Amino acid sequence: MNSGFNKALLEELPTYIDPCGENGEFHTLVINAPYFHKPLEVEWLGIDKTERFYYQRYQLSDRTVCSD
């Protein structure tokens, strides 16, 4: 996982990547927010590649309990 959307990341991007993500370059995975009972624990499964895109795959950790 990337440590965050920051100046260092923007400086590393190739010139063909829109730094604002206007062409769908960036997506987020929220694992903690004020309205969450507690943070989600996720396990990184790896990166899948298609002809056009790369995808990071995650799954909920066995330690994550979802309830109402």
Side-chain angles (χ1 to χ4, degrees):
M1 288 189 267
N2 188 289
S3 60
F5 188 85
N6 54 38
K7 184 177 179 181
L9 171 69
L10 294 175
E11 290 173 349
E12 293 175 14
L13 293 176
T15 57
Y16 59 87
I17 299 292
D18 182 336
C20 295
E22 292 294 322
N23 297 311
E25 291 91 345
F26 305 112
H27 296 276
T28 58
L29 172 64
V30 177
I31 58 173
N32 194 9
Y35 47 84
F36 284 14
H37 178 67
K38 64 180 187 175
L40 298 175
E41 293 186 41
V42 296
E43 297 173 5
W44 185 63
L45 300 177
I47 297 174
D48 294 342
K49 180 183 177 199
T50 65
E51 188 174 314
R52 288 187 58 204
F53 301 104
Y54 288 83
Y55 300 92
Q56 290 193 68
R57 299 287 179 204
Y58 300 90
Q59 72 178 15
L60 286 175
S61 168
D62 291 339
R63 296 181 302 251
T64 298
V65 176
C66 298
S67 62
D68 295 334

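These numbers come from a predicted model, not from an experiment. Index from 1, following the sequence.
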**Student:** Are Leu45 and Leu29 in one and the same hydrophobic cluster, where Ile, Leu, Val, Met, Phe, Trp and Tyr link if side-chain heavy atoms are under 4.5 Å apart?
**Tutor:**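 Unlinked, Leu45 and Leu29 end up in two clusters.
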**Student:** Looking at every heavy atom in both Glu43 and Asp62, which two are closest together, and how far apart are they?
**Tutor:**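 That would be OE2-N, 4.1 Å.
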**Student:** When hydrophobic residues are tied together by side-chain contacts of less than 4.5 Å, even through go-betweens, does Tyr58 share a cluster with Ile31?
**Tutor:**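 In one cluster with Tyr58: Ile31, yes.
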**Student:** Which pairs, with at least one residue in residues 45-54 and sequence neighbours excluded, count as a salt bridge (Lys or Arg N to Asp or Glu O under 4.0 Å)?
**Tutor:**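 Matches after skipping sequence neighbours: Asp48-Arg57.
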**Student:** Quick check on Phe36: does its CZ atom have over 12 non-hydrogen neighbours (other residues, nucleotides or ligands) under 6.0 Å away?
**Tutor:** yes
**Student:** For residues Ala33 and Val30, report the shortest heavy-atom separation together with the two atoms involved.
**Tutor:**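 Nearest heavy atoms, Ala33 then Val30: CB-CG1, 4.3 Å.
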**Student:** Determine whether Leu40 and Asn32 satisfy the following criterion, side chain to side chain contact (heavy atoms under 4.5 Å, CB included), listing intermediate values before the conclusion.
**Tutor:** CA-CA 6 Å; Leu40 298 175; Asn32 194 9; over 6 Å; no
**Student:** Does one hydrophobic cluster hold both Phe53 and Ile17, with members joined at side-chain heavy-atom distances below 4.5 Å?
**Tutor:** no
**Student:** What residues, two or more places apart in sequence or in another chain, satisfy salt bridge (Lys or Arg N to Asp or Glu O under 4.0 Å) together with Lys7?
**Tutor:** Glu11
